[in-house]
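We number each residue from 1, following the sequence as shown.
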Amino acid sequence: ASRVLNQLHTVDAQAPSAETVLLRRDELRLLASAMDELPQRTRVAFNMYRVEGFTLQQVAHRLGISVTRAHQLVQEAIVHGTTRLGDLGH
């Protein structure tokens with residue numbers, strides 16, 4: 001029984017605080033809003049690469065663009081999201 005209690009205490013210690021959960025939710029909302037501000041092709045390229053796990057080559061092929069351009073679109077989305085988070089002091 002003490003082993004189970006030790007495991008429960010470990011889980012509790014690893015669980016984020018309510019404040020951390022709220023902060024992360026705010027960050028996710030901000031990032032979702034930032035992604036909505038992007039041009040559709042940039043948003044699609046980012047989602048394909050970072051969310052769906054496509055390679056840059058696959059993104060380029062599906063969008064009919066060069067791999068270099070696919071990389072640029074993904075970078076633009078990352079920079080935009082990072083900038084928006086930075087604007088709020090995150």
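- Clustering ILVMFWY residues whenever any of their side-chain heavy atoms sit less than 4.5 angstrom apart, transitively, puts Tyr49 in the very cluster that holds Leu63.
- Note on Arg69 versus Glu76: salt bridge recorded, some NZ/NE/NH1/NH2 to OD/OE distance being below 4.0 Å.
- In this structure the side chain of Met48 reaches within 4.5 angstrom of the side chain of Arg62, judged on heavy atoms.
- Under a hydrophobic clustering in which Ile, Leu, Val, Met, Phe, Trp and Tyr are joined whenever their side-chain heavy atoms come within less than 4.5 Å, directly or via other members, Met35 and Leu85 fall into different clusters.
- Using a 4.5 Å heavy-atom cutoff, the side chains of Ile65 and Arg41 are in contact.
- Within 6.0 Å of the CD atom in Gln57, the count of heavy atoms belonging to other residues, nucleotides or ligands exceeds 12.
- Scanning both residues, Val59 and Ala70, for their nearest heavy atoms gives CG1-CB, 4.0 Å.
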For Leu23 and Glu19: C-alpha separation, side-chain torsions, deciding distance, then whether side chain to side chain contact (heavy atoms under 4.5 Å, CB included) applies. CA-CA 6 Å; Leu23 178 62; Glu19 181 180 349; 5.6 Å; no

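- In the hydrophobic clustering of ILVMFWY residues, with side-chain heavy atoms under 4.5 Å counting as a link, Val44 and Leu31 come out apart.
- Within 6.0 Å of NE2 on His71 lie no more than 12 heavy atoms contributed by other residues, nucleotides or ligands.
- Between atom CG of residue Leu22 and atom CZ of residue Arg24 there is a gap of 11.5 Å, rounded to the nearest 0.5 Å.
- Using modelled atom types, one finds no donor on one side chain facing an acceptor on the other under 3.5 Å when comparing Arg43 with Gln40.
- Counting heavy atoms from C-beta on, the side chains of Leu30 and Asp26 never come closer than 4.5 Å.
- Judged by distance alone, with hydrogens and angles left aside, the side-chain atoms of His80 form a donor-acceptor pair with the main-chain N or O of Ala34 at under 3.5 Å.
- Of the possible donor and acceptor atoms, none in the side chain of Thr20 sits under 3.5 Å from a partner among the backbone N and O of Pro16.
- Considering only heavy atoms from C-beta on, Ser33 comes within 4.5 Å of Glu37 through its side chain.
- Under the 3.5 Å distance criterion, the side-chain polar atoms of Thr82 are matched with a main-chain donor or acceptor of Ile78.
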